[in-house]
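Since the structure comes first, as structure tokens, the remarks are kept for the end.
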Amino acid sequence: MTDKTQQHSATPTELPTQYAPAEVEGKLYERWVERGYFEADENSAKEPYTVVIPPPNVTGSLHLGHAFEHTLIDALTRRKRMQGHETLWQPGMDHAGIATQNVVERELGKEGKSRHDLGREGFVERVWQWKNESGGQISGQMRRLGDGVAWNRERFTMDEGLSKAVQTMFKKLYEDELIYRAERIINWCPRCLTAISDIEVEYQDDDGELVSLRYGDGDESVVVATTRAETMLGDTAVAVHPDDERYAHLVGRTVRLPLTERSIPVVADAHVDPEFGTGAVKVTPAHDPNDFEIGQRHGLPALAVMDEHAVITVPGPFQGLDRLEARSAIVAALRAEGRIVAEKRPYVHSVGHCSRCKTTIEPRLSMQWWVKVGPLAKAAGDAVRDGRVAIHPQEMEKRYFDWVDNLHDWCISRQLWWGHRIPVWYGPDGEVVCVGPGEEPPSGAGWTQDTDVLDTWFSSGLWPFSTLGWPERTGSLAKFYPNSVLVTGYDILFFWVARMMMFGLYAMDGTPPFHTIALHGMVRDQFGKKMSKSFGNAVNPLDWMDKYGSDALRFTLARGANPGVDVPIGEEWVQGSRNFANKIWNATRFALMNGATVEGPLPVPERLSATDRWILSRLNETVAEVDAFYDDYQFAKVSDALFHFAWDEVFDWYVELSKTTFQAGGDAAEVAKRVLGEVLDVTLRLLHPIVPFVTEILWTALTGGESVVIADWPADSGFRDTAAAGEIATLQQVITEVRRFRADQGLQPGQRVPARLRLDGTPLAPHEAAIRQLLRLQPEGEAFTSTATLPVAGAEVALDLSGVIDFEAERKRLEKDLGAAEKERTQAERKLGNEAFLAKAPEDVVDKIRGRLAKAVADIERIQGQIGRLPSA
RNA sequence: GGGCGCGUAGCUCAGCGGUAGAGCGCUGCCCUUACAAGGCAGAUGUCGGCGGUUCGAAACCGUCCGCGCCCACCA
């Protein structure tokens with residue numbers, strides 16, 4: 001025990017009166033890392049606890065959203081580590097295909113170059129170079145935040161190991177015929193020059209213009225409407241509903257397509273809504289997904305009229321115009337021919353945009369690789385349906401099911417250079433060979449590898465097990481798969497979570513990648529507005545961490561973390577958390593200055609005062625509460641419970657009451673030192689997962705322990721004392737009541753007032769010294785004149801306020817209180833007089849009302865007595 | 001068009017069947033020897049509107065109004 005004391009890293013006098021986070025946080029973090037606290041041992045006998053980081057894009061730096069997410073994950077893993085789990089928080093980053101390629105291309109642009117100037121190899125090399133610079137920035141920010149990740153296991157989606165995992169997965173899916181190549185209409189971004197998947201398209205209502213065109217002539221004509229007139233060059237049919245009598249005579253015939261030399265058939269297709277517009281639809285199979293399907297059903301040719309830049313390729317007057325130029329040019333030309341039957345009219349409709357660059361998507365017929373999601377999505381849905389994976393909050397399950405149950409095949413090829421290249425080789429005679437890891441690609445004349453890369457989310461989908469060494473059967477994989485929980489934003493439920501579910505279940509023989517999915521919301525500003533650079537309300541988390549400390553930022557974020565709900569944050573709130581950290585700091589300082597200790601066992605209950613028993617009881621209740629909230633991912637409630645317990649109960653009451661005890665000395669003081677030590681020790685440990693830095697300094701100073709990071713998580717001893725709790729509640733009531741009186745009377749807080757206390761026979765008798773101290777009451781002295789008497793809870797506090805007291809003010813106050821008490825009595829009486837209530841309400845509720853009535857009656861009597869004793873003015 | 005969610009104190013949000021809560025902000029007094037990044041005391045709400053269920057509704061049901069989000073092949 002004595003040598004432990006010598007390890008104290010700080011003596012009370014060394015602690016300054018204010019906590020200065022910036023000076024210590026960095027040092028503490030590096031010490032934790034050096035000591036290997038965050039490393040995870042696959043050979044450990046401890047129960048594993050695994051969380052993977054949602055890998056940040058190498059393109060950027062961390063924003064508040066990351067800080068938020070990391071706070072939650074760090075809190076979870078720190079607690080589990082303290083609970084004795086072999087804990088792995090897996091760090092790493094995502095290569096973020098399109099995003100990264102765009103960033104580097106933009107950089108090249110500034111140098112007046114394009115990626116084609118460097119060539120594929122040179123460009124990829126350049127991206128790697130860029131990644132090496134940017135990636136360090138992110139890890140620096142994570143250290144600053146205090147993320148307890150296993151740095152020795154850091155992974156990157158383009159690592160050799162993870163690339164091997166990607167290749168293995170591709171081949172496995174290919175051989176199971178769950179990957180195939182097909183020509184379909186895809187979402188094409190004419191700026192990124194690549195296909196993107198359905199969920200990478202963001203729809204928004206755009207203003208468009210609907211124009212009605214007449215195809216054919218005379219009786220053999222039909223009017224169609226379009227917002228994309230330029231596509232008419234590629235029309236290969238007009239479709240009408242099979243039952244539509246208006247057009248029955250035209251079905252099977254042809255109409256002349258204006259501006260072209262072609263005539264196109266009129267086909268009947270049930271897809272057409274006869275109620276909509278004219279009931280006739282132009283069909284452009286090469287540039288519209290619906291039209292493509294109609295085309296398939298009727299054997300229509302798909303005639304592409306635009307290139308990858310969305311520029312018209314059809315020879316003639318429109319060739320070389322981009323889609324928008326072509327649109328107006330074609331409308332003008334049609335008007336000249338008298339083909340416009342209804343002028344353009346404004347039309348708001350939903351238009352798809354590239355989620356990366358916001359360019360309007362151009363549906364385009366193209367040969368791409370696809371994942372056949374049917375069986376994968378089924379398994380992913382079932383795993384949640386049958387309870388093997390739980391989604392928090394549960395309301396999100398519905399969104400998840402809607403998506404996995406209605407999923408279209410996933411387009412996974414991208415016409416980019418940065419990413420995992422598709423491991424397929426094409427032979428001179430049309431052979432197709434999928435090459436697995438370690439296999440030699442076919443050699444010889446005419447063999448070439450597919451030039452496309454895979455969707456970024458293909459590799460992210462493998463993250464929960466690729467980071468653990470899959471496809472090798474590693475010890476880490478055996479130990480840490482499946483992950484315990486996935487913590488991520490609801491915004492990537494489809495992008496990432498669902499894909500991990502599909503891939504995890506498939507690659508890991510039906511074992512889902514995690515037991516629980518805990519979805520958090522998005523960080524917003526203090527008015528609930530979305531944070532964005534353009535709106536000017538985006539905040540760099542580093543700024544706030546520098547100003548207020550990482551703990552303050554973390555605590556604020558955790559405190560706003562209601563499950564699945566967006567979390568607003570404002571600078572004043574971070575300040576408030578900084579104040580809390582400082583409060584903990586000073587409370588611990590006080591404790592150390594007064595000899596608080598954690599040495600030796602807790603005193604037996606017989607030696608404890610009611611105050612001690614009360615705070616220990618509350619301490620244990622808090623432990624139980626915090627555990628329950630953590631297990632339910634209720635971070636806001638964890639933080640709130642700790643905030644209020646620490647500040648309102650420990651600091652404002654227990655510490656204040658202990659001052660009298662310490663002053664008096666004796667056994668009670670010795671006991672209080674140990675109890676205060678215990679309460680702070682446990683409270684600091686409870687707080688550590690959320691505010692790791694300040695708790696580390698204080699806990700080591702208080703206990704002499706090596707580090708709170710590896711301390712035991714507090715356990716509820718089961719100790720409860722409701723009698724003591726009631727006693728302290730009464731004490732608080734008396735003190736508050738008299739303070740209120742003092743304040744109403746305009747007495748200075750420090751002014752000493754002679755007082756006589758009559759506490760005999762009340763539970764407050766042992767607290768006389770504390771009451772006198774907290775209320776600044778001095779002994780009554782010889783010439784004591786009781787001018788104000790406050791009866792509270794059976795006790796009586798008589799104050800000598802000769803010459804000072806303002807009886808009128810007090811009378812008003814008392815009358816107001818009387819009114820409130822009478823109202824309370826009336827309400828309670830009415831309830832208790834209601835037979836239906838008595839018959840139907842549960843016993844405890846009725847008891848409660850009876851209690852209220854009794855209290856109201858007692859209050860009325862008391863207040864009336866007080867008023868009666870006031871001298872009349 | 002379908003689905004989900006939200007309207008509670010000035011602001012941001014908890015509460016989701018038994019006397020309206022928190023943080024910040026606000027008012028007054030105070031540098032009381034841990035802390036002014038603090039202490040003490042205090043004010044503030046017909047819980048979006050209207051109906052209904054219930055002994056009892058902020059909470060449950062219906063409806064209306066106002067927001068937000070997700071999904072969808074709206075020519």
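In what follows, every chain begins at residue 1, and chains take the letters A, B, ... in the order their sequences are listed.
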Can you pull every protein N or O that's under 3.5 Å from an N or O on nucleotides 28-30 of chain B?
unit_1	atom_1	unit_2	atom_2	d
B:C30	OP1	A:Gln748	OE1	3.3

Contact class for [X] (heavy atom, under 4.0 Å): base, sugar-phosphate, or nothing?
X	result
A:Asn834	sugar-phosphate
A:Thr588	nothing
A:Asp566	nothing
A:Tyr548	nothing
A:Thr226	sugar-phosphate
A:Val272	base

> Among side-chain atoms of A:Asp566 and A:His520, is any donor-acceptor pair under 3.5 angstrom?
Replying inline: no

For A:Ser550 and A:Met545 the tightest heavy-atom approach is OG-SD, 3.4 Å

On a heavy-atom basis, the closest approach of A:Arg850 and A:Leu838 is NH2-CD2, 4.5 Å

Nearest to the side chain of [X], which nucleotide is it out of [options]?
X	options	value
A:Gln18	B:A37, B:C35, B:G39	B:A37
A:Lys816	B:A41, B:A14, B:A43	B:A43
A:Glu656	B:U12, B:C35, B:C13	B:C35

(message) Measuring only between side-chain heavy atoms, which start at C-beta, is A:Leu676 closer than 4.5 Å to A:Tyr654?
(response) yes

Assign the ring pair A:Phe494 / A:Trp403 to parallel, tilted or perpendicular, where the plane angle (0 to 90°) is split at 30° and 60°. parallel

Under 4.0 Å from OP1 or OP2 of [N]: is there any side-chain N or O of [X] that close?
X	N	value
A:Thr736	B:A41	yes
A:Lys529	B:G68	no
A:Arg739	B:A41	yes

Output field dot_bracket for RNA chain B (Watson-Crick or G-U, both distances under 3.5 Å, | for other-strand pairs) contains ((((((((.[[[[.)..(..]]]].(((((.......))))).....[[[[[..)....]]]]])))))))....

Whichever of A:Glu293 and A:Arg578 has the more 5' nearest nucleotide on RNA chain B, that residue is A:Arg578

Checklist entry - Does a distance-only test, which skips hydrogens and angles, find a donor-acceptor pair under 3.5 Å between the side chain of A:Lys398 and the base of B:C4? => result no

Readout for nucleotides 16-27 of chain B: B = base within 4.0 Å of protein heavy atom, S = sugar-phosphate only, - = neither; 5' to 3' it is --BB--SSS---

